[in-house]
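Notes for the one structure printed next.
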2 protein chains.
Amino acid sequence: HKPLVMRTSASTVSIEKETPETERPPTFLRQDSENDAGDVRARFEKMIRDVQDSVCEAIEAVDKGSKFKEDVWSRPGGGGGISRVLQDGDVWEKAGVNVSVVYGVMPPEAYRAARAASGDQKPGPVPFFAAGISSVLHPKNPFAPTLHFNYRYFETDAPKDAPGAPRQWWFGGGTDFTPAYIFEDDVKHFHSIQKQTCDKFDSSFYPRFKKWCDDYFYIKHRGERRGLGGIFFDDLNDYDQEMLLSFATECANSVIPAYIPIIERRKDTPFNDEHKAWQQLRRGRYVEFNLVYDRGTTFGLKTGGRIESILVSLPLTARWEYDHKPEEGSEEWKLLDACMNPKEWI
Amino acid sequence: HKPLVMRTSASTVSIEKETPETERPPTFLRQDSENDAGDVRARFEKMIRDVQDSVCEAIEAVDKGSKFKEDVWSRPGGGGGISRVLQDGDVWEKAGVNVSVVYGVMPPEAYRAARAASGDQKPGPVPFFAAGISSVLHPKNPFAPTLHFNYRYFETDAPKDAPGAPRQWWFGGGTDFTPAYIFEDDVKHFHSIQKQTCDKFDSSFYPRFKKWCDDYFYIKHRGERRGLGGIFFDDLNDYDQEMLLSFATECANSVIPAYIPIIERRKDTPFNDEHKAWQQLRRGRYVEFNLVYDRGTTFGLKTGGRIESILVSLPLTARWEYDHKPEEGSEEWKLLDACMNPKEWI
């Protein structure tokens, strides 16, 4: 199966304006009877909301005294989200953990099954459902890595004018990390957890999704990845749906053991202005990737998603120096080399 | 006429890899006899190189003791450029002034005249020539505005398989400024100089190009312009070519009187951390505009232009705070309001 929502021309999909809510609703799902695949939708929503809670708790436990600020919103036609952001803590300069549920409509060109089923008739727009958790965590200490993870579930309804077209579903997501300096122990620990999680489901997953991650987070104009990878997958539906729901759940639940021990080790490492400036340059690369290439960001900006939730992925601060080249053999150079030539870490 | 090179799908135009040069050549133009419009090309190149010299001199005179670093490069098939960057001076944190000359080939779909002339035959690729000066100047003091200007000239050759197709030419460019705080005197001074320059040529130019500037530098996902405008025009060829060459020349020559007096007034204004943080947030918007919307930047990144020259437009440092909203009526709010609702300043 080919990717769907995200490769659709962004200008042809649009999302309703959100309205703020004062309380978290028990669910963002529409309470309609036609929602006969509600089981997976509801279980996925519960999973991402539980993960949001546990990741935020783990972060507050490390960044003692700092608290996430929460914004809840909904959309008139259904769906909504919860954004949680911790800014200018002792450990993290910016940590965003968002969940959202979207009901939208995509143009039929994006939807092969509908086209095939509709015969001579011109197919109409296809309603879709999407739910996901998305998080970026930028620490202050230059030796402590940035982490990103995102797990999402898509479904299309059968189009109204092609009732025979099958309902389709997909999973996507990944966890990747972006240090400014390489500590081999950290990188091995992070990738080992990804591999262990993958191996519980299919031995082909880790090598495939590790490479997919290296390919996806590529800043083409620099010839560099933004960081040291992890796992990434998209449009995954050629496995049992229950199996993939479990897989996405285990991936999301492995964020804390993969990341928090690294932060505990590095958050108080002494550093100097040069270390900080290098971290800030790498943050600049993060901004370049997210604004120029990241599908979720560029799609979100163009379809009218909630801007502050989308751009919470950007670091608090970033830096661009003209023609900066680290000295060959330096620690900065080693990081850059690993971003240009992805390695097998385990 | 419709825009040409820049609206061409970037993936179908590509530019040769540049090679560094140790000296500035007298010209980057190809020395071929078929260059029968060489007069305008040569005069435009001389103009932009003179402006590069005079702007860099003016900046060094204000930022005493700081010096531009120069990089010269060429391309095997002709063309090249000179990048000059002053970084971490006393007055400017980053000042880039670049000239470049490009020989490229665009797909025939982009070129209407060629299509029309070729009749039934499928037209071939169309060689083009482009030369321009591009500059972004980011001061340190939050009360001193960022300035951007860019003036460029395009020509197409007659395509080889459609020799009857006319040679086409266009001018484009503009000067716009981006303060973090409004000083009415500064804004009026800046816009008055733009208007005076425009009025020497055509009384319709200032109102038209002022609006074009407000429309162009629009950060759609924010509903904000990146700054307080100036003038912008593109694909201008429906006037006498000599007149437009003079116009572009006068515009480029008015950069110093439009900008330097403002910097002299503001460069030593005392400021606090809040002023600096607000400037940094506005720098973040500058990054968003340049990486997401600016045609020159996005086109350059995708066609293989010289990355460090293209991205010299990015500030040395920038900042993104979650859901930052200035207090209504504050100086920060006034700037934001003027970015959301462009005003007539003169």
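All chains are named by letter (A, B, ...) in the order of the sequence lines, taking the proteins before the strands, and each is independently numbered beginning at 1.
- If you measure heavy-atom distances from A:Glu288 to chain B, the contacts under 4.5 Å come from both the backbone and the side chain.
- The minimum heavy-atom distance linking A:Glu308 with B:Glu321 is given by the pair OE1-O, 4.0 Å.
- When every heavy atom of A:Trp320 is checked against every heavy atom of B:Ala318, the shortest pair comes out as CZ3-CB, 4.1 Å.
- Atom CG of B:Asp323 sits about 11.5 Å away from atom CD1 of A:Ile307, to the nearest 0.5 Å.
- Residue with the most contacts toward chain A among B:Arg283, B:Glu93, B:His324, B:Arg222: B:Arg222 (heavy-atom pairs, distance under 4.5 Å).
- Within a 6.0 Å radius of NZ in A:Lys67, no more than 12 heavy atoms belonging to other residues, nucleotides or ligands are found.
- Of the residues considered (B:Gln280, B:Lys220, B:Lys94), B:Lys94 shows the highest number of contacts with chain A, using heavy-atom pairs under 4.5 Å.
- Between B:Leu86 atom CG and A:Tyr322 atom OH the span is 12.5 Å, to the nearest 0.5 Å.
- Listed options B:Asp71, B:Leu301, B:Leu311 were ranked by heavy-atom pairs under 4.5 angstrom with chain A; first place goes to B:Leu301.
- The parts of A:Val287 that come within reach of chain B are both its backbone and its side chain, each placing non-hydrogen atoms under 4.5 angstrom from that chain.
- The most heavy-atom pairs under 4.5 Å with chain A, out of B:Val312, B:Leu291, B:Asp88, B:Leu281, come from B:Leu291.
- Contact of the A:Ile310 side chain with the B:His221 side chain is not registered, since no non-hydrogen atoms from C-beta on lie closer than 4.5 Å.
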